[in-house]
Amino acid sequence: MKLHASDTQKYQTVTGYDETGVEINAQRYNYSLVVLPEVPPRAWDAPSFDAITAEHFDIIGADSPDVVILGTGARQRFIHPRMTAALTMRRIGVECMDSQAACRTYNILMGEGRKVTLALIIDHNEGNPA
């Protein structure tokens, strides 16, 4: 799905997404990444939802966002609270949603000027039997 351009283009904005990747400011990414409004997207070593550890969230916590939007792939999945305990102790919220909803929510919060981080899992094996 392509999203419409807006006056937020000076920030890192999700401009499109599908089941294999995401576009940030019209640049395609086909791997898991972390997106913040004012810095270039960076790769996130989270190849799948099941591979996520507390250390993955420690890396995100270093950016001190107000809220983390976790895109969990094609379907919404919930992370165990022990994985995000360090963020919770610092009063950083974590919301889990499917990746398409996460992209839309990130754009809305970023457009409102919130200090938001999008942590997006791009799992190319999702839905494929092992």
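Just so we're clear, the structure is a prediction, and the values are computed from it rather than from any experiment.
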(request) Considering only Ile, Leu, Val, Met, Phe, Trp and Tyr, and joining two whenever side-chain heavy atoms are under 4.5 Å apart, list the other residues clustered with Ile108. (result)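 Once heavy-atom contacts under 4.5 Å are chained together, Ile108 still belongs with nothing else.
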(message) So, applying side-chain contact (heavy atoms from CB on, under 4.5 Å) with Thr117, which one of Ile60, Leu70, Val35 is it?
(response)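 Exactly one pass, corresponding to Ile60.
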(request) Could you go through the side chain to side chain contact (heavy atoms under 4.5 Å, CB included) check for Ile69 and Met110 one step at a time? (result) CA-CA 11 Å; Ile69 306 299; Met110 182 268 310; over 6 Å; no
(request) State whether Arg28 and Asp18 are salt-bridged, where the test is any N-O pair (Lys NZ or Arg NE/NH1/NH2 against Asp/Glu carboxylate O) under 4.0 Å. (result)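 So Arg28 pairs with Asp18 through a salt bridge.
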(message) Please determine whether a side-chain nitrogen of the Lys or Arg among Arg104 and Asp98 lies less than 4.0 Å from a carboxylate oxygen of the Asp or Glu.
(response)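 Asp98 and Arg104: not salt-bridged.
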Using side-chain heavy atoms (C-beta onward) and a distance below 4.5 Å, is [X] in contact with [Y]?
X: Ser64; Y: Lys115; answer: yes
X: Pro37; Y: Gln12; answer: no
X: Val68; Y: Glu95; answer: no

Same apolar cluster (I L V M F W Y, side chains within < 4.5 Å links), [X]/[Y]:
X: Tyr17; Y: Ile24; value: yes
X: Val67; Y: Leu120; value: yes
X: Leu33; Y: Met97; value: yes
X: Trp44; Y: Leu36; value: yes
X: Leu109; Y: Val34; value: no

When you measure from the side chain of [X] to the backbone N and O of [Y], does any donor-acceptor pair fall under 3.5 Å?
X: Thr88; Y: Arg91; value: no
X: Thr72; Y: Arg77; value: yes
X: Ser32; Y: Asp45; value: no

(request) Just do the side chain to side chain contact (heavy atoms under 4.5 Å, CB included) check on Glu23 and Tyr29 with the steps written out, would you? (result) CA-CA 6 Å; Glu23 288 182 7; Tyr29 297 88; over 6 Å; no
(request) Calculate, to the nearest 0.5 Å, the distance between atoms NE2 and CD belonging to His124 and Glu19 respectively. (result)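 Rounded to the nearest 0.5 Å, the NE2-CD separation comes out at 10.5 Å.
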(request) Take Phe49 and Ile79, measure what side chain to side chain contact (heavy atoms under 4.5 Å, CB included) needs, and give me the verdict at the end. (result) CA-CA 8 Å; Phe49 181 84; Ile79 202 79; 4.0 Å; yes
Do you know the tightest heavy-atom contact between [X] and [Y]?
X: Ile121; Y: Ser99; result: O-OG, 3.8 Å
X: Asn107; Y: Val14; result: ND2-O, 2.8 Å
X: Leu87; Y: Gly61; result: CD2-CA, 3.5 Å
X: Ile92; Y: Pro65; result: CG1-O, 3.2 Å
X: Ile52; Y: Met83; result: O-CE, 3.5 Å
X: Asn125; Y: Asp123; result: N-OD1, 2.9 Å

(request) Evaluate salt bridge (charged side-chain N to carboxylate O under 4.0 Å, His left out) for Asp66 paired with Arg90, printing each intermediate quantity in order. (result) CA-CA 9 Å; Asp66 292 335; Arg90 294 176 53 200; over 6 Å; no
